[in-house]
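A quick write-up on the structure given underneath.
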Amino acid sequence: MERARFPAVPLAGQPASCSCARGGTGTREGYACSCRGACDPFSPPRAPPARPCLSFRVLSSPAVSRGLLSTFLSHSLAANCLPSGACTQTPVRLLPSFSFSPPNAARTDGRGRRGAGAQLSACLLPRTTEQPTDAMRRESLGVTSSLLVRVPVLLSRLAGRRQRSSRTRSSRRPGDAMPEKKKPLQAAFCGEAVIAEFEALTRDAAAVQRDTLRRILGDNASAEYLRCRGLAGRTDAASFRACVPLATHADIEPYIARIADGDTSAVLTAKPITSISLSSGTTQGKRKYLPFNQELVKSTMQIYRTSYAFRNRAFPVEDGKALQFIYGSRQFTTTGGLTATTATTNVYRSEEFMPTMRAIQSQVCSPEAVIFGADFAQSLYCHLLCGLLYADEVRIVSATFAHSLVLAFQTFERVWEDLRADIRAGSLSPTRVTAPAVRRAVEALLTGPNPALADEVARRCAGLSNWYGVIPALFPNARYVHGIMTGSMEHYVKKLRHYAGGLPLVAAEYGASEGWVGANVEPETPPESVTFTVLPNIAYFEFIPLKATSCHGGAAAADDDTCYAEAEPVGLTEVTVGEHYEVVVTTFAGLYRYRLGDVVKVAGFYNSTPKLKFVCRRNLMLSINIDKNSEQDLQLAVDSAAKILAAEKLEVVDYSSHAEVSRDPGHYVVFWELNADGNDDVLQSCCDELDRAFTDPGYVGSRKTSGIGPLELRVLQRGTFQKVLRHYLSLGAPVSQFKSPRCVGRSNNSGVLQILSANVVKVFFSAAYD
Ligand code: AMP
């Protein structure tokens, strides 16, 4: 590895220097530089520095010459390490990833435009609350090189934007405007830089994957899990696959249990795991413990930034806020003293979350007390209220899952008059919100009676028919609605589209408590056909090829719970378009060759990394004997039968299913909650259609031979799925990760089966095969 010192620019008499090393391979080849000014944030001084300071790291591309890099560093130091007094209290810091490309780089961006790579992009994250002075701006604008122009322009834009936004704020009253608080200078978000980085990562995904595996295995060579399997420090894919077997959660559960119980030795990772994530447990009825660490926070921020960069190209968002229906979950301490909560809560509580949200114009309307409130209903009410207070500033309406969005606006239908009354009175309803911390935080935003806003809300609601388009009516400057809308969330898309009126629905990323898989980089695609592009540096991925079999057992070796025959796992770039796979991940948080249990279909490639379509969870199956129907099959059947309801202006609010085998022959039970009472003849037709819509040959054959009995449709009392949600919450499940269980059994989700069975108001049996 070649080392070089580059000339430093003196900073008001203080020396500054950059030390660069050339190394790496493939897309990671180039110079890595660390620059230090008068203070060094890598080892912060005890007392605030008296001088301006800077520290950042640059990863250059291989084509960048030493000379160019040297000029760049010098000018950057000159532009950012401003004269004395500019940033004396705290350092200016660059986001960890900082990239630039030579001006003549002949590359195209994701839309085929040339020259995006020629733009130098720098993401500044100043920590100072001070306004840049005129002198600073003059100095920063004094840098003339065309390659370097972006840094000073950004700086001056930041200054200008801040002045503009503080002017806007001060001219508006609280209640319909941002609070008058002096805020830190916000990060400039360099979408094009993030996209350029994504382009670079995906161009040679195989090399990035090799490097990712090398880093994971190198960092964790001393972990017991790897040592015991004889990896002996090797980091190549062939040795890894030969030594380390595929694993399910059951295989690693004992290791995680030891960590949770306080074993601080290198069990799964070299560095001790400090938190545990709990999966939602709503799909399989059991919450899984999973390791969580700072690497997962980093990859979460990477995926947030990447997806936002692409969204922002399609739907540009200037200054604004996000009405985010997000909820922290209860946190507890394991026997060994580790905090355990959901992965999303771990992320919300991380230091990086709020700054990243601000950087990507997704600053949450609600105060943290609302996000972390103990009572979900109170938090939801306050999210709605805060959204209304900032109505005109809301640019994005989002939640982790589409279910939370639908629930939020269904609740709005019920409580909007109370919300309006609270805004009019300038105080919170004493019955709706009782938690003192939540009340205090929200009342700080309600700075007095605001009859004008209350009347405006009423006027906007009055213009709606059946709440169609309530989201754009309430938030006229919103650009899109964002959340996970695929898989088990697809059912809510229809209702969400109704609430969203003409506003685009943008499907959010694909990941799990175990780690992230891919981002939606084509945000204009409708949720039904969205794909997820795998980020090749967030984990090491393998894919188990799945071939649908006839499900009659025998040589096809279908496994226990599916009709798929499996082949040897293939690497990320070896997958075939059109084929189905189960995702296997090796993460920076101690999961090795871990089967995620999700089935995906390869829809195509983005550069050299695959675009995945989520198909279903593997283990969610309706099966009586030789029949096998997946979550997706059930959804298709429900959609098909629901078309009959549409003519009656009825809709399925939510649904679930159960394979009833306590009597012979067994049969499928489908539970439906409807938005209003349905006519018996119509429901009978729906029941017949549900039965017919399961087209799996095993099912059809068994139905014809009476090996499976007539499908039973059980119509539920309205509000039953709210009871199911409350049941999960009482077990400590997180509302933000709630997914209605689509298939309940006696061994899993037996509590839910009881709730569903206790709330049946009508029963129909199919006559489709009579
Ligand atoms: P959990 O870790 O309990 O929050 O659940 C993670 C699971 O949710 C994944 O393994 C998927 O089955 C599902 N999931 C997550 N993101 C998506 C998505 N974008 N589309 C469909 N399903 C998803």
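As the structure lists them, so they are numbered: ligands from 1, and atoms in each ligand from 1. Since the model is a prediction, treat every value here as computed from it, not as a measurement.
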Q | Aromatic ring pairing Tyr499/Phe409, orientation class (parallel under 30°, perpendicular over 60°, tilted between) | A | tilted
Q.
Classify the ring geometry of Tyr510 against Phe532: parallel below 30°, tilted from 30° to 60°, perpendicular beyond 60°.
A. tilted
Subset of ligand 1 atoms that lie under 4.0 Å from at least one heavy atom of [X]:
X	answer
Ser513	1 (P), 2 (O), 4 (O)
Gly487	21 (C)
Glu509	16 (N), 18 (C), 19 (N)
Tyr510	16 (N), 17 (C), 19 (N)
Ala508	19 (N)
Ile484	16 (N), 17 (C), 18 (C), 19 (N), 20 (N)

So, [X] and [Y], do they make that salt bridge, N to O below 4.0 Å?
X	Y	result
Glu295	Lys271	no
Arg595	Glu566	yes
Glu542	Arg241	yes

Q. For atom 10 (O) of ligand 1, which candidate among Val530, Asp598, Val600 provides the closest heavy atom?
A. Asp598
**Q.** Best match, Gly518, Ala519, Ala512, Gly511: closest heavy atom to atom 14 (N) of ligand 1
**A.** Gly511
Q: Please examine the side chains of Glu522 and Phe310, heavy atoms only from C-beta on, and report whether any two atoms are closer than 4.5 Å.
A: no
Using a 4.0 Å heavy-atom cut-off, which part of [X] comes near ligand 1: side chain, backbone, both, or neither?
X	value
Thr486	both
Met489	neither
Ala343	neither
Phe614	side chain

(Q) Going by the rule side chain to side chain donor-acceptor pair (under 3.5 Å), which residues pair with Glu574 if we only count those two or more places apart in sequence or in a different chain? (A) none
**Q.** Check: Thr345/Arg349 side-chain N/O donor and acceptor closer than 3.5 Å
**A.** no
